[in-house]
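Remember, it's a predicted structure, so these values are computed and weren't measured experimentally. Note that the numbering runs from 1 along the sequence shown for the chain.
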Amino acid sequence: MGLTIKQTAHYVPPKVVTNDDLTTMMDTSDEWISSRTGIKQRHIAQDEQTSTLAIKVAQQLLEKANCPAEKIDFIIVATMSPDYLTPATAAIVQGKIGAKNALAFDINAACSGFIYALTLADKLLATYHCGIVIGAEVLSKLVDWQERSTAVLFGDGAGGVLVEQSPQAALIAEDLAAYGQDGDTLTAGYQPVNSAFSNDQTDKHKYYFEMDGRAVYRFATHEVPASIERAIAQTTWQLNDVDWFILHQANGRILTSIAHHLGVPEEKFLSNVAKYGNTSAASVPLLLDEAVTTGRIKRGQKLILSGFGGGLTTATTAIVF
Ligand code: 4VN
């Protein structure tokens with residue numbers, strides 16, 4: 001028994017902010033942003049919360065799968081930008097779509113979150129039958145819109161999958177890892193201690209994204225190929241058998257660098273970073289759904305899904321779609 005992906009869906013807020021739009025807010029240029037990151041635009045939430053995006057994805061999944069909400073046993077939302085610390089974004093989704101028999105919780109493994117959640121879903125499907133796994137982010141609320149080194153990178157969006165228990169396991173290998181000792185190279189959302197007993201004087205500034213870009217870039221180019229190699233080693237596949245690599249859309253140049261490290265043609269690395277920027281936990285399911293919908297990814301194909309980033313973390317799964 002294992003997991004099979006029944007349906008995929010995505011939703012992004014309608015407002016598009018182009019690189020040129022950003023030049024009116026900070027000292028940057030389309031040339032700088034596109035040449036270093038491959039990003040041309042991003043979608044930004046105006047009135048939508050993270051749950052709003054996730055609910056749209058969940059509703060589409062139910063509709064596409066022709067599945068009544070009562071049949072859903074679990075809902076996992078991977079996010080680093082939840083509406084609240086409690087209730088969980090997944091619980092908000094559960095209430096809104098009327099999945100009255102579902103358990104619901106969020107997980108935070110930053111840019112690896114969706115893959116961590118998918119792997120957890122695989123374990124839950126040992127006893128449960130049907131679930132929804134969503135990656136959803138409104139990263140724009142964690143961005144300092146005066147700070148050009150990070151503001152140009154991130155965007156908002158959501159993607160997800162409806163998964164079912166199946167005798168034919170589709171998730172055939174997993175490799176999850178954490179490097180917490182390097183966690184301070186990528187932080188956002190610091191919650192200061194604020195009690196009658198505290199003297200915490202931490203700079204509020206820490207609420208917004210802070211990234212040692214070089215360190216995280218170096219981490220990604222070394223640890224992501226290693227994680228992919230370890231996942232492949234658990235299968236009967238060779239690297240060249242993989243039809244598509246669906247990686248976290250951190251930055252276009254990082255994808256090129258990872259492809260070179262692995263010795264795989266870059267054309268096998270799907271990308272939509274130009275349209276959406278870096279959407280953390282949402283980027284893998286958003287790319288997966290676009291590639292399925294446009295017919296690039298077909299049933300039976302061999303996929304590598306891989307996330308990497310905050311934590312620091314990496315996460316790879318090998319999937320027969
Ligand atoms: C994983 C990664 C990144 C990331 C790291 C560095 C970076 C994205 C640094 C050099 C800069 C262009 C941008 Cl590898 C972010 C996350 C968070 O999701 C996860 N961009 N860059 C330049 O000057 O060229």
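- In terms of heavy atoms, A90 sits closest to I75 at CB-O, 3.6 Å.
- For the residue pair R230 and A177, the shortest heavy atom distance occurs at NH2-CB, 4.5 Å.
- A salt bridge is absent between E48 and K56; no separation between the charged side-chain nitrogens and carboxylate oxygens falls under 4.0 Å.
- For the pair R299 and F321, the cation sits on the ring face: its NZ or CZ lies under 6.0 Å from the ring centre, inside 45° of the axis.
- Between Y207 and Y190, the distance separating the two ring centers is not shorter than 6.0 angstrom.
- Judged purely by distance below 3.5 Å, without hydrogens or angles, the side chains of S149 and E147 pair a donor atom with an acceptor atom.
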side-chain contact (heavy atoms from CB on, under 4.5 Å) assessment of I319 paired with I172: CA-CA 6 Å; I319 289 184; I172 62 166; over 6 Å; no
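- Counting heavy atoms from C-beta on, the side chains of V264 and I228 never come closer than 4.5 Å.
- At a cut-off of 3.5 Å, with distance as the only test, no side-chain donor of Q60 or Y11 sits close to an acceptor on the other residue.
- Remark: the N101 side chain and the E70 side chain contain no N/O donor-acceptor pair separated by less than 3.5 Å.
- When atom types are taken as modelled, the side chain of K268 and the backbone of V242 share a donor-acceptor pair closer than 3.5 angstrom.
- For the side chain to side chain donor-acceptor pair (under 3.5 Å) with Y276, the qualifying choice from Q41, R42, H43, E290 is E290, the only one to do so.
- Within 6.0 Å of the OH atom in Y84, the count of heavy atoms belonging to other residues, nucleotides or ligands does not exceed 12.
- Using bins of under 30°, 30° to 60° and over 60° for the plane-to-plane angle, the ring pair F245/F269 lands in the parallel bin.
- Looking at K141 and Q49, their side chains do bring a donor and an acceptor atom within 3.5 Å of each other.
- Side chains of Q59 and V57 form no contact here, defined as non-hydrogen atoms less than 4.5 Å apart.
- A continuous path of ILVMFWY side-chain contacts below 4.5 Å connects Y217 to L262, so both sit in one hydrophobic cluster.
- In this structure a side-chain-to-backbone donor-acceptor pair under 3.5 Å is missing from Q234 to A173.
- Residue-environment remark: CD (Q181) exceeds the threshold of 12 foreign heavy atoms within 6.0 Å.
- Both Y116 and L288 are assigned to one and the same hydrophobic cluster, defined by single-linkage of ILVMFWY side chains at heavy-atom distances under 4.5 Å.
- Side-chain contact between P285 and F114: present, with at least one pair of heavy atoms (C-beta onward) separated by less than 4.5 Å.
- Judged by distance alone, the side chains of D212 and T185 never bring a donor and an acceptor atom under 3.5 Å apart.
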Stepwise side-chain hydrogen bond (donor to acceptor under 3.5 Å, both in side chains) check, D175 with T316: CA-CA 5 Å; D175 180 77; T316 302; 5.1 Å; no
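- Atom OG1 of T256 is separated from atom CD of E266 by 3.5 Å, given to the nearest 0.5 angstrom.
- Atom CZ of R148 is surrounded by 12 or fewer heavy atoms from other residues, nucleotides or ligands within 6.0 Å.
- Under the 3.5 Å distance criterion, the side-chain polar atoms of D289 are matched with a main-chain donor or acceptor of H10.
- Between T235 and A318 the shortest heavy-atom distance is CG2-CB, 4.0 Å.
- Two residues are said to be in side-chain contact when any heavy atoms from C-beta on lie closer than 4.5 Å; I304 and I232 meet this criterion.
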side-chain contact (heavy atoms from CB on, under 4.5 Å) evaluation trace for L22 with V152: CA-CA 8 Å; L22 290 181; V152 302; 4.1 Å; yes
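- At most 12 heavy atoms of other shown residues, nucleotides or ligands fall within 6.0 angstrom of atom CD in E63.
- When the side chains of ILVMFWY residues are joined at heavy-atom separations under 4.5 Å, either directly or via intervening members, L61 and L125 end up in two distinct hydrophobic clusters.
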Stepwise side-chain contact (heavy atoms from CB on, under 4.5 Å) check, L62 with I72: CA-CA 9 Å; L62 293 178; I72 302 298; 3.7 Å; yes
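- Counting only heavy atoms from C-beta outward, the side chains of V284 and L247 never approach each other to under 4.5 Å.
- The shortest distance between side-chain heavy atoms of V224 and H261 does not fall below 4.5 Å.
- Screening residues 98-123 for salt bridge (charged side-chain N to carboxylate O under 4.0 Å, His left out), with sequence neighbours left out, gives K123-E174.
- No side-chain heavy atom of K40 sits less than 4.5 Å from a side-chain heavy atom of T18.
- A donor-acceptor pair under 3.5 Å is absent between the side-chain atoms of W244 and the main chain of L305, judged by distance alone.
- No donor-acceptor contact under 3.5 angstrom links the side chains of T314 and E223, judged on distance only.
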Test log, rule side-chain contact (heavy atoms from CB on, under 4.5 Å), inputs R36 and R253: CA-CA 7 Å; R36 279 153 194 267; R253 273 179 38 200; 3.5 Å; yes
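- Linking Ile, Leu, Val, Met, Phe, Trp and Tyr residues whenever their side-chain heavy atoms come within less than 4.5 Å leaves V17 and V12 in two separate clusters.
- Between F74 and I76, the closest side-chain pair of non-hydrogen atoms falls below 4.5 Å.
- No more than 12 heavy atoms of other residues, nucleotides or ligands sit less than 6.0 Å from atom OH of Y128.
- The closest donor-acceptor contact from the side chain of E137 to the backbone of M80 lies under 3.5 Å.
- Under a 3.5 Å cut-off, the side chain of D83 and the backbone N or O of T50 do form a donor-acceptor pair.
- Not a single donor-acceptor pair under 3.5 Å links the side chain of T187 to the backbone N or O of G183.
- Using a cut-off of 4.0 Å between Lys/Arg side-chain N and Asp/Glu carboxylate O, K15 and D156 are scored as not salt-bridged.
- With 3.5 Å as the limit, one finds no donor-acceptor pair spanning the side chains of T279 and Q249.
- Linking ILVMFWY residues whenever their side-chain heavy atoms come closer than 4.5 Å, directly or via other members, places V161 and L103 in the same cluster.
- Applying the side chain to side chain contact (heavy atoms under 4.5 Å, CB included) test to K302 and every residue at least two apart in sequence or in another chain returns W237, D241, D243.
- At least one donor-acceptor pair under 3.5 Å links the side chain of Q191 to the backbone N or O of G189.
- Counting only distance, with no hydrogens or angles, the side chain of T37 and the backbone of S34 share no donor-acceptor pair below 3.5 Å.
- Counting all heavy atoms, side chain and backbone alike, A281 lies closest to A110 at CB-O, 3.6 Å.
- Of the possible donor and acceptor atoms, one in the side chain of W145 sits under 3.5 Å from a partner among the backbone N and O of S140.
- T23 and D20 share no donor-acceptor pair across their side chains, judged by distance under 3.5 Å alone.
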